Amino acid sequence: MKRTSYVEIVINNKSSHTNTTYTYGVPDGLADQISIGTRVMVPFGKGNRLIEGYVVDDNIDLAAPTFKIKYIQKILDEENLISKKLIELCKWMREEYLCTYIDAVQCVIPTGISYKSDRKIRLRDDYDSMQQMNTKLSDKQNAVVEVLRSYKHITESSLKQMLSFDPSSTIRSLENKNMVILEDHFKKEVNGLTEKIIRISENLNTFEVMGKLKKNAVKQRQILNYLQENGATQWSELRKNLGVSANLIDSLREKGFIDIEIIEKKRDIFGKEEILKDKIFELTDEQNQIIQEVIPFMINLQYQPFLIHGVTGSGKTEVYMQLIGKVVEQSKEAIVLVPEIALTPQMIERFRSRFGNQIAVLHSKLSLGERYDEWNRIKRGEVKIAIGARSAVFAPFDNLGIIIVDEEHEHTYKSEQNPKYHAVEVAEFRCKQHNAVLILGSATPSLESYYKTEKGLYKRLVMETRYNQNKLPDIHIIDMRAELLNGNKSVFSESLHREILKNLEMGEQTILFLNRRGYSTFISCRSCGYVAKCPHCEISLTYHKNNHFLSCHYCGYKQNPPETCPKCGSKYIKYFGTGTEKIEKMTVELFPNARIARLDLDTTSRKGSMEKIIREIKQGKVDILIGTQMIAKGLDFPNVTLVGVIAADMNLNLPEFRAAERTFQLITQVAGRAGRGQRLGRVIVQTYEPEHFAIQASQNHDFVSFYHQEMAMRESFSYPPFSRLVNIMITGEEEADVIKIANEYATELKYELKGIDLSVQDVIFGPGPAALARINQKYRWQIIIKSKAIDQKVIRGIINTIRSDILKKNNVNNVNISIDINPFNML
DNA sequence: AGCACGCCGACT
DNA sequence: GTCGGCGTGCTC
């Protein structure tokens, strides 16, 4: 006799209490269609309501179940939604990042395909006769019945919208009285785009049919005639040309005159724009060497990470493309990650012109439907290459040959939402699974990656020469303290001013970089010291002159600037600090004949505005471009010969251990925008701390010297890569609750870690208020664990257990505990 | 997250 | 008695 088989299922709801797997029975008829990665509907909870679930283990041995077995009700997709390897990845992420199962699963499927329950409700047909026996109803019940009287069917969610109270308990009481009927109904946000194709039924004698049709059936005749003449026709076309309604089509089908076929359509994310054929460049010796170094690993199907340390403009992209070419030749697949797709339109363009429609593009600017289509093209094997931002690392390929991470040091690869994964770590895991090659590329590698090359975990490949033997730009460091002593109070040093003038004369372009948008960074009262702060956050407000308002860059809050001090009533409100908007205004005043553009979040919020500005720069319609870090990455303007860094030390003194690294990276990246064409570029770096090693090293383009100095600092303070950090953030609107939970958590942590004798090498900081103590109405307390233990698993286990214990014990809905493993942002 | 169950006060 | 509000505990 056949034995029932059992599977483990993850339930799709967000509760931390259901962050586990549940054992379900597989009905005999479905056994061969259900395996790891299948998406199913299962009855769940006391009411046995249907809910979506994902099979994560199969062939479970259940000798003597201690609970009542329920059975899978339905399979949701024709093909397994998730591959076995990606389910493995989800399990790894859950342990690595301490996230829930379902958060991990959501990463590997497209957004919007989940089925959410939205039941339909209607009154019983014999409601009125029943009602006479059951006379009295409460006000709420009456309100619900009123609505149901005017609508035959209504979904739970629309009912909720129409009432001023939450009707769920009322619906339940009416159901218990047998007065309403509930029908299961599920909806999802995204569906494949479809089109109906209409054709005359096979073997239909049109002539005969026409005779049988009634005289007044004019429209029906028209349709049949049209189909007779034109053959199978799309419904949209038929409707447009004949102006016919859907009812008519339905009745013709019921009579058996026509057939309707539904085909899937793809949303076209590129429109009709032409793809120019890319020319394949002659490789330099350096590029060739690198490719020859990597290829053997691809051929031998051997997992190996590489770090390509290549100066800006050394032609890394060409290396990527050639390697991908090889992978595709082997009929394997490739993933390319870029920091932020909107900032790298030029790179996407190059990939498209080289590989054409073999590419799928995944990024956040696409609509849900477009993303769904691109995901499906990958899943079905219609494309071989996926290019995109962080989340593209989950592209559902089965046969990966290579993952490339461009600008691997970028912080955008670290997710700030749950699960707080790092795309490079995920890429490592996937490459190991597939015996694939991992390529990390950067001009300024992260310390962690470079450290791994020193340790032999990654192979290091170096590219030192720029294209056409272009030299790296000359970098001049200007001591702004000296400028001040010489009586120059302007934000432009004398030499920057002079060089800009020179560039204007020569007709060459200039970029001015300041990593802060807005006009003034804070406003303050001179008589009492009041500073305008966001009412929801512990942040000072930035003044935006163009729109004349103060705005909070953390929560988006906006208000008008006060005329007088709200605290003491004085008129002496002063505006301090400088943002890109102010730099723009000063540039206009200083260089009245120059054509000036600004590129930051404020000028690029509208769709297409960024592309427009970039086009104008390329066409030489802009002399001076002012921008935030948006301009630092990937942009290639050959006529830019001068870059001015207005305030290089702006982020140097943030309370963050990566501050120096970020500063070095940013200066180097921005400097790389200069001199990409024939002429030598110049960079002027203004700073109040010219002696800082991060700034000194950037002057000589000397990553290695920066690396050694920074590593010495990291080692003496035991910062990564010499330790591993965990940031536990406790947030909530009630400060007292937040503090209470934070204290409880820290006490437990200290006790437990001591218990396993890790206290010697592990240090717990806090609990205490975070550097940004309040954001969006929420108080923020944190605990930081700095650990040198080689095996982090025990520590993570403890962190996780304590969290679930605390959540269970306190039953807190108003306090959130968020755990960030290897955090990038600890403010 | 849902949902049931149990307890309690308010209201017929 | 019955409704509904709220806290508690469970979900294969």
Side-chain angles (χ1 to χ4, degrees), chain A residues 4-27 30 34 36 38-74 99-106 114-121 131 133-145 155-157 159-160 163-180 182-188 418 737 804-817:
Chain A
T4 316
S5 64
Y6 300 98
V7 294
E8 291 295 312
I9 284 181
V10 169
I11 294 301
N12 186 3
N13 73 14
K14 275 191 228 145
S15 166
S16 60
H17 303 294
T18 52
N19 179 22
T20 175
T21 63
Y22 293 89
T23 313
Y24 277 87
V26 178
L30 299 180
I34 290 177
I36 292 176
T38 312
R39 185 164 67 136
V40 293
M41 280 291 186
V42 289
F44 188 68
K46 289 193 182 132
N48 277 330
R49 280 186 70 170
L50 289 180
I51 191 164
E52 193 183 88
Y54 299 84
V55 177
V56 295
D57 271 308
D58 55 4
N59 295 320
I60 297 300
D61 200 17
L62 253 193
T66 55
F67 46 82
K68 200 179 133 247
I69 291 287
K70 292 183 187 177
Y71 285 83
I72 289 176
Q73 221 251 347
K74 191 179 160 194
C99 63
T100 61
Y101 261 121
I102 199 65
D103 276 342
V105 169
Q106 297 289 356
S114 290
Y115 286 90
K116 302 269 156 65
S117 167
D118 193 11
R119 288 182 300 190
K120 283 185 178 165
I121 308 160
Q131 225 258 325
M133 312 192 296
N134 250 317
T135 39
K136 291 256 167 56
L137 287 182
S138 72
D139 292 352
K140 291 195 175 184
Q141 289 168 335
N142 269 321
V144 170
V145 168
T155 60
E156 220 169 350
S157 62
L159 182 64
K160 200 175 247 171
L163 297 165
S164 53
F165 58 93
D166 181 354
S168 42
S169 60
T170 315
I171 293 170
R172 224 169 295 132
S173 62
L174 288 170
E175 193 196 8
N176 289 337
K177 289 182 170 213
N178 225 347
M179 295 172 125
V180 298
L182 295 176
E183 270 169 51
D184 269 323
H185 176 239
F186 294 90
K187 63 176 182 190
K188 50 179 182 168
N418 284 330
D737 292 345
S804 26
D805 285 353
I806 287 181
L807 287 176
K808 214 177 274 173
K809 196 166 70 192
N810 290 281
N811 194 22
V812 275
N813 303 316
N814 57 342
V815 177
N816 184 272
I817 303 176

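In this text, all values refer to a predicted model and were calculated from it rather than measured experimentally. In what follows, chains carry the letters A, B, and so on, assigned in the order in which the sequence lines appear, proteins first and then strands, with residues in each chain numbered from 1.
Counting only heavy atoms from C-beta on, A:Arg172 has its side chain closest to B:dA4 among B:dA4, B:dA1, C:dG4.
Contact annotation for A:Phe44: base contact, defined as any heavy-atom pair under 4.0 Å involving a base atom.
Whole-Å rounding puts the A:Asn48 CG to B:dA1 C1' distance at 16 Å. Rounded to whole Å, atom P of B:dG2 lies 7 Å from atom CD1 of A:Ile51. For A:Glu52 and C:dT11, the CD to P distance is 22 Å, given to the nearest whole Å. Computed from coordinates, the A:Lys46 NZ to C:dT11 P distance equals 8 Å when rounded to whole Å. Rounded to whole angstrom, the span from the CG atom of A:Asp118 across to the C1' atom of B:dA1 amounts to 15 Å. The CG-C1' distance, from A:Asn418 to B:dA1, rounds to 16 Å in whole Å. Here C:dC10 presents its P atom at 17 Å from CG of A:Asn19, a figure rounded to the nearest Å. Residue A:Tyr101 contributes atom OH, which lies 18 Å from atom P of C:dT11 at whole-angstrom precision.
Between A:Arg119 and A:Glu156, at least one side-chain N (NZ, or NE/NH1/NH2) sits under 4.0 Å from a carboxylate O, which counts as a salt bridge.
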For this session: Check step by step if side-chain contact (heavy atoms from CB on, under 4.5 Å) holds for A:Val10 and A:Thr100.
Result: CA-CA 10 Å; A:Val10 169; A:Thr100 61; over 6 Å; no
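Note that CG of A:Asp118 and CZ of A:Phe186 are 10.0 Å apart. Values are rounded to the nearest 0.5 Å.
A:Ile9 pairs in a side chain to side chain contact (heavy atoms under 4.5 Å, CB included) with only one of the listed residues (A:Thr21, A:Thr23, A:Val40), which is A:Val40.
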